[in-house]
Amino acid sequence: MALTNNRVDVPVIVDESKCLDKCKACIEVCPLDVLVKNPDTGKAYMKYDECWFCLPCEKECPTGAITVQIPFLLR
Amino acid sequence: MEIINLEVDFLVVGGGTAGCMAAVKAKQKSPDSSVLVLEKANIRRSGAIAMGMDGVNTAVIPGNSTPEQYVREITIANDGILDQSAVHKTGLLGFDVIQELEEWGVKFQKDNEGKYDLKQVHRVGKYVLPMPEGKDLKKILSRQVKRNKIKVINRVMATSVLTQNGRAIGITGLDVRSGDMYVIKSKAILLCTGACGRLGLPASGYLYGTYENPTNAGDGYSMAYQAGAKLSNIECFQINPLIKDYNGPACAYVASPFGAYTANATGNRFISCDYWSGQMMLEVWRELNSGKGPVHLKMYHLDESTISEIESILFDNERPSRERFHAGRGENYRRDGVEMNISEIGLCSGHSASGVQVDEFMRTSIPGLYAAGDMANVPHNYMIGAFVSGRVAAEHAMDYIKDIDHGDVDSDFINTERERLLAPLNNPNGIPHTQVEYKLRRFVNDYLQPPKSPKNMKIGLEKFIDYKNVLDELGARDPHELMRCMEIHFIRDCAEMAAKASLYRTESRWGLYHYRLDFPNRNDDEWMCNTIIKKSLENNEMTIFKEDLKPYLFDVNLNKEKYDVSVA
C-alpha cells in the first residue's frame with residue numbers, strides 16, 4: 001500500500017538549545033508516549049501526533065525547554 | 001517478540017486513581033504478598049487525574065450529609081437503576097479516603113473554622129469539596145505506591161484476561177516500547193483501566209483530543225467482556241457539556257458555588273442545577289435545538305476578585321491548557337461567556353452508569369476478577385468512588401487469595417494471543433491505525449450519538465460487527481503503533497456493545513444518555529432492571545438480557561421523586 005507523510009502543526013515544541021541530552025523527563029511522563037529522542041541530536045521531539053494537550057511534559061521539564069501550544073484545529 | 005513470564009499474588013491493571021489506592025491498600029493489608037501495578041503510561045502522570053483534580057464531587061462528610069442521603073440522591077439522579085449497596089460504599093468510606101489523602105499531603109478547601117468547605121452543586125445536598133491545590137494529586141499517589149514498595153511496571157498495556165475453568169488467573173500484556181509480550185499469572189486481578197474515552201469522535205478532528213484521557217480506550221470493558229464477564233447498562237452513555245472546540249469541561253461545578261451559571265444566548269438560566277446528569281444534558285441539547293443557543297458558562301456578571309479566584313482553580317488543575325486556549329482566542333471570563341457544546345459519547349461509570357457489572361465488593365461475575373474506578377458500574381462514582389472502589393476491591397481480594405493457588409496458563413491461548421499481537425507488525429504496509437480508528441469512530445458518531453433512532457443503531461451495529469474484518473487490515477511499524485492498533489480492538493468491542501445495548505432497551509432513560517426517538521418515555525414497568533451484556537462461551541456471540549435490580553437498602557419513591565433540572 002502506498003503511504004505518504006503528512007505535514008501537521010504539532011502541539012509540543014522543544015527548544016533544542018535548552019533540551020538536555022541525558023534527560024528523559026518529558027518522555028517518561030507523557031501519558032500518550034508520543035515523545036522520543038532524536039538519535040542524531042539527542043533532543044526530544046514529538047514523534048506521534050497523538051497529543052491530549054495535558055502538559056506533564058512541559059511541567060516536568062527541568063530546563064523549561066518545552067512549550068505546549070494549542071494545535072491549529074483548536075486555536 | 002520475547003515472552004516475559006511473571007507471577008504475583010495480586011495484579012492491578014491500570015495505575016490511575018483506583019489502581020494506586022488499590023495497590024497501597026492491598027500491600028497494607030497483606031505486606032508479605034506480592035502486588036504488581038501494570039500501567040500503560042507512567043503512574044506519575046497517568047489516568048483521568050494525570051494533571052490533578054480541582055474538586056471532589058461525591059464527598060459525604062459527617063455533619064453535612066449521610067451515606068443514606070447520598071444513596072437516595074444518586075438513586076433519583078440515575079433514574080433508579082443501581083446497586084445501592086455499591087453506591088453506599090462510596091458514601092460510607094469516602095470520608096475515610098479524604099482523611100487519608102489529607103495525611104498523604106492532598107489539600108482540601110476548609111473554611112475559617114477549619115471545617116471542610118463543602119459546596120452545593122447537586123440538586124439537593126452538599127457533596128462538592130474544592131481542591132484548589134489539587135494539581136499534584138497524581139504525584140502524591142505515585143509517591144505512596146513507591147513508599148509502600150509496590151512493584152510497578154510502566155509502559156505495558158494489558159491485552160487480555162487469562163481464565164481457567166471460569167476463574168481469572170492472569171493477563172497478557174504488550175510492552176508498548178519494546179514490543180515484548182507479558183504473561184502474568186496472578187491469584188486475583190483488578191481491572192481499573194478507566195473509561196472508554198475514545199468511542200465517539202470529537203468535532204475538532206483530533207482523535208486523541210477527547211474529554212477522557214485518551215489512553216483510556218475501553219481496555220477493561222473489552223478485556224472483561226472477552227473473558228466472559230457481565231457488563232451492565234452500556235446504553236447509558238457518557239456525554240458531557242464541554243468548552244466548545246476544547247476537550248475540557250467548562251467546570252460549572254467549580255464556578256457555580258461562586259455565582260457562575262450555565263446560560264443560554266440571552267444570558268438566562270435554563271437548568272436549575274449544574275451537577276452533570278443525563279437529564280441535565282438533555283436540557284442542554286434541547287436548548288441548543290431551540291434557537292436559544294449557543295449556551296455558555298456565565299461569569300461576566302461576577303466581580304474581579306471572584307473571577308480571579310475561579311481562574312486560579314481552573315487554570316492550574318485537571319485541564320490547565322484551557323488558559324492558553326482562551327488566551328489564543330482573545331477570550332476573557334470578565335467579558336466573555338465560555339461557549340459550551342455537547343461532547344462525543346463515551347462509556348464511563350464514574351460519570352454516568354455503564355460498565356463492568358460489580359457487586360459491593362467490586363467483584364465481577366468472574367471469580368478472581370475485580371473491577372474498580374470509571375470502568376466498574378457504580379453510578380456517578382467520580383474520583384472518590386474510584387478511590388473507594390479500588391480500596392474495597394483490594395481488601396476483598398487479599399482475603400480471596402489466601403486459599404488460592406495460581407492457575408495453569410493455556411499455551412494455546414498464549415499462542416493465539418501472540419499471533420493476534422504480531423499480525424499488525426507482520427503487515428507494516430497495512431492501513432494505518434489512525435485511519436482505521438477514525439472511520440470506526442466516525443460510524444459511532446453517525447449512528448450512536450443521541451438522540452438515538454432504531455434504524456441508525458441497526459446500521460451501526462452491522463458496521464461494527466463487519467469492522468472485525470477491517471481490523472485484519474491494520475498495519476503497524478513499531479510497538480507504539482501496535483499499541484494503538486490493539487486499542488482499536490477495544491474500541492470496536494465497546495462500539496458493538498453500545499449499539500447492541502441501545503437497541504435492546506426500548507425506552508428512554510437517563511436524559512440524553514439514552515434518549516430514543518421511537519420510545520421517548522421512561523417505562524418503569526418493563527425496564528426498571530439492568531441490561532446485561534455477556535459473551536456466550538458456546539459460540540462467542542454477544543448476548544444481552546435483563547436482570548433484576550438488587551433490592552434497595554433505602555426505599556425511594558421514584559414516581560414521586562423525579563430528577564428534573566429544567567427551569568420552567
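Excluded from the calculations below are hydrogen atoms, water molecules and symmetry mates; all remaining heavy atoms, backbone and side chain alike, are included. All figures in this text were calculated on a predicted structure; none of them were measured in a lab.
With a 6.0 Å radius and a threshold of 12 heavy atoms from other residues, nucleotides or ligands, A:K43 has its NZ atom above the threshold. In B:K107, the NZ atom is not crowded: 12 or fewer heavy atoms of neighbouring residues, nucleotides or ligands sit closer than 6.0 Å.
With a 4.5 Å cut-off on side-chain heavy atoms, B:K139 and A:V29 do not count as touching. Using a 4.5 Å cut-off on side-chain heavy atoms (C-beta onward), A:D49 and B:Y208 make no contact.
Atom CZ of B:R155 sits about 6.5 Å away from atom SG of A:C30, to the nearest 0.5 Å.
Note on B:P320, B:G475, B:A327: by heavy-atom pairs under 4.5 Å with chain A, the leading option is B:P320. With chain A as partner, the option from B:R44, B:R319, B:R329, B:E481 having the largest number of non-hydrogen pairs under 4.5 angstrom is B:R319. Among the candidates B:L207, B:T210, B:V176, the residue making the largest number of heavy-atom pairs closer than 4.5 Å to chain A is B:T210.
Contact annotation for B:H326: neither backbone nor side-chain heavy atoms come within less than 4.5 Å of a heavy atom of chain A. For B:D478, the part sitting under 4.5 Å from any heavy atom of chain A is the side chain, from C-beta outward, and nothing else. Within the 4.5 angstrom heavy-atom criterion, no atom of B:R322 approaches chain A. For B:E487, no part lies near chain A; criterion is any non-hydrogen pair under 4.5 Å.
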task: Please lay out, stage by stage, how B:R45 and A:E28 fare under the test side chain to side chain contact (heavy atoms under 4.5 Å, CB included).
output: CA-CA 9 Å; B:R45 294 285 196 185; A:E28 291 313 320; over 6 Å; no
message: Could you go through A:W52 and B:M51, starting from their C-alpha distance and side-chain angles, then the distance that decides it, and tell me whether this counts as side chain to side chain contact (heavy atoms under 4.5 Å, CB included)?
response: CA-CA 11 Å; A:W52 190 40; B:M51 284 304 278; over 6 Å; no
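Of all heavy-atom pairs spanning B:N213 and A:P31, the tightest one is ND2-CB, 4.1 Å. Shortest non-hydrogen contact noted between B:S321 and A:F53 is OG-O, 2.8 Å. Across all their heavy atoms, B:M483 and A:L32 have their closest contact at CE-O, 4.4 Å.
Inspection of non-hydrogen atoms places A:V68, A:I70, A:P71, A:F72, A:L73, A:L74, A:R75 of residues 68-75 of chain A under 4.5 Å from chain B. Contacts between residues 60-67 of chain A and chain B, counted as heavy-atom pairs separated by less than 4.5 Å, involve A:E60.
Between A:D33 and B:R484 there is no salt bridge, since no side-chain nitrogen of the basic residue lies less than 4.0 Å from a carboxylate oxygen of the acidic one.
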